Amino acid sequence: MKKISVVVPCYNEQEALPIFYTETTKELEKIPDVTWEFVLVDDGSKDKTLQTMQQLAAQDERVKYISFSRNFGKESAMYAGLENASGDYVVLMDADLQDPPALLGKMVYEIEQNGYDCVGTRRVTRKGEPPIRSFFARMFYKLINKISKTEIVDGARDFRMMKREMVDAVVKMCEYNRFSKGILSWVGFKTLWLEYENIERVAGETKWNFWKLFLYSIDGIVAFSTAPLVISSVLGIAICFIAFCMMIFYAGKTILFGDPVSGFPTLISVVLMLGGLQLLCLGILGQYLAKTYLETKGRPIYIIGKTNIEK
Ligand code: UDP
Ligand code: MG
């Protein structure tokens, strides 16, 4: 008998969680020859998510929960779940039923019968999402795949089932700045992608706004590519070269023709452009430095407040 661990990061999901539990259990019961556990991670919710988890755990001993001391973010919640999952297969799922539990059976089948180490999902449509967000999301995937050696699959969800070997590899990657879309691809393993149409959440509301997604995308780029550093150095060299040519040109002009070089506007625009570029490059450098700084502190990825898991 193989055991499936269902890892669910939850932040303010008191409405969605009971529905999720019922629907997912129904699907798990249909899979032949497996046992399962739920590893529910309460990411410092402000509503009754923890109480809901405790109620579920009281009804069903297969429900394990971990409650963080504060909100650490979905990445930390997923890591905690993976670290504490004991199953042979571990599946990451959102609590809002945007990840259809009906696919679980197929995932197990693909792993057992077709020898995949991991079955991931990607949504092929972005229905129900603001068009501007979809546009930026597409741009982000194009950009990061150009500048990073790690492949980041467009539309890939965190909803995926992994074999024990892969989970262990992911747990070993204990970096503080986590970008799981990159980490899960970086570890490798034979992955099958299932495609499905975007589904809207059953209850509660999304925790992501445009700005949060934007910052997250920068984290992704900084975590999986050093190309911005190269670009800023190249830019610096190119501009120095142009400036040098201009110096020779104007010096020559003055010496040969005695022309008192005029042009306050040109001067200002060059100064502004250079100033701006310097700030940009410093900013890029700063991003990497900041990440390195946080990484060297070696802070824990999450802190547990309450749990029913005995170690
Ligand atoms: N989530 C979390 N911590 C956070 C934000 C979100 O654990 O700080 C969880 C959330 O409860 C849900 C999943 O991550 O189970 C995905 O979040 P959401 O549905 O809001 O994102 P979306 O599907 O809109 O991208
Ligand atoms: Mg969602």
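Ligands are counted one by one from 1 in listed order, and the atoms in each one are counted from 1 as well. Bear in mind the structure is a predicted one, so any value in this text is a computation, not a measurement.
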S.K.: Within the 4.0 Å heavy-atom shell around E13, which atoms of ligand 1 are there?
M.R.: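 That gives atoms 10 (C), 11 (O), 12 (C), 15 (O) of ligand 1.
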S.K.: Indicate whether any N or O donor in one side chain lies under 3.5 Å from an N or O acceptor in the other, for E110 and N114.
M.R.: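 Checked: E110/N114 side chains pair up, N/O donor to acceptor below 3.5 Å.
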S.K.: Which residue and atom name correspond to the protein heavy atom nearest atom 15 (O) of ligand 1, and how close is it?
M.R.: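 Looking only at protein heavy atoms, the one closest to atom 15 (O) of ligand 1 is P9 O, 2.7 Å.
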S.K.: At a non-hydrogen distance cut-off of under 4.0 Å, which region of D94 contacts ligand 1 (side chain, backbone, both, or neither)?
M.R.: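 Near ligand 1, D94 shows its backbone as well as its side chain.
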S.K.: Near D43, which atoms of ligand 1 are under 4.0 Å from a heavy atom of that residue?
M.R.: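 Those atoms are 2 (C), 3 (N), 4 (C), 7 (O), 8 (O).
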S.K.: Within a distance under 4.0 Å of any heavy atom of Q98, pick out the atoms of ligand 1 and give their elements.
M.R.: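 Close to Q98: 19 (O), 22 (P), 23 (O).
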S.K.: Backbone, side chain, both or neither: what part of V41 comes under 4.0 angstrom of ligand 1, heavy atoms only?
M.R.: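 Under 4.0 Å from ligand 1, V41 contributes no heavy atoms.
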S.K.: What is the nearest protein non-hydrogen atom to atom 1 (N) of ligand 1, stated with its residue, atom name and distance?
M.R.: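 Result: Y11 CB, 3.8 Å.
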S.K.: Give me the atom names and distance for the closest heavy-atom approach of F189 to A169.
M.R.: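 Closest approach of F189 to A169, heavy atoms only: CE1-CB, 4.0 Å.
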S.K.: When only distance counts, is A77 in polar contact with ligand 1, meaning an N/O pair under 3.5 Å?
M.R.: no
S.K.: Over 60° means perpendicular and under 30° means parallel, so classify the ring planes of F224 and F179, tilted if in between.
M.R.: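 Answer is tilted, since the angle falls between 30° and 60°.
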S.K.: At a 4.0 Å threshold, what atoms of ligand 1 neighbour a non-hydrogen atom of D96?
M.R.: 19 (O), 23 (O)
S.K.: To which protein heavy atom is atom 14 (O) of ligand 1 closest, and what is the distance rounded to 0.1 Å?
M.R.: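 In this structure, atom 14 (O) of ligand 1 has K74 CD, 3.2 Å as its nearest protein heavy atom.
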S.K.: With a cut-off of 4.0 Å, which atoms of ligand 1 are near a heavy atom of C10?
M.R.: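 Listed by number with element, the hits are 7 (O), 11 (O).
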S.K.: Can you tell me which residue and heavy atom of the protein come closest to atom 18 (P) of ligand 1, and the distance to 0.1 Å?
M.R.: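 I find the closest protein heavy atom is R201 NH2, 3.3 Å.
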S.K.: Ignoring hydrogens and geometry beyond distance, is a side-chain donor-acceptor pair present between E151 and N145 at under 3.5 Å?
M.R.: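 Distance-only check fails for E151 and N145.
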S.K.: Any donor-acceptor pair under 3.5 Å linking the side-chain atoms of Q14 with those of T49?
M.R.: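 Result is no, nothing qualifies.
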S.K.: Tell me which protein heavy atom sits closest to atom 24 (O) of ligand 1, plus the residue, atom name and distance to 0.1 Å.
M.R.: T206 OG1, 2.6 Å
S.K.: Looking at D219 and R178, does any basic side-chain N land under 4.0 Å from a carboxylate oxygen?
M.R.: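 Looking at D219 and R178, the cut-off is not met.
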S.K.: Testing the 3.5 Å rule here: is there a donor-acceptor pair between the side chains of S45 and E13?
M.R.: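 Their side chains do not contain a donor-acceptor pair, so the 3.5 Å distance test is not met.
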S.K.: Take the angle between the ring planes of F68 and F72 and call it parallel below 30°, perpendicular above 60°, tilted in between.
M.R.: perpendicular
S.K.: Which residue supplies the protein heavy atom nearest to atom 20 (O) of ligand 1, what is that atom called, and how far is it?
M.R.: K207 N, 2.8 Å
S.K.: I need the nearest protein heavy-atom contact for atom 25 (O) of ligand 1: residue, atom name and distance, please.
M.R.: W208 CD1, 3.6 Å
S.K.: State whether D96 contributes an N/O/S atom found under 2.8 Å from the Mg ion (ligand 2).
M.R.: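 Under 2.8 Å: D96 contacts the Mg ion (ligand 2) through an N, O or S atom.
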S.K.: Please test L17 against M53 for side chain to side chain contact (heavy atoms under 4.5 Å, CB included), starting from the C-alpha separation and ending with a verdict.
M.R.: CA-CA 8 Å; L17 198 54; M53 287 179 181; 3.6 Å; yes
S.K.: Using 30° and 60° as the class limits, which term best fits the ring planes of Y196 and F159: parallel, tilted or perpendicular?
M.R.: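 Y196 and F159: perpendicular rings.
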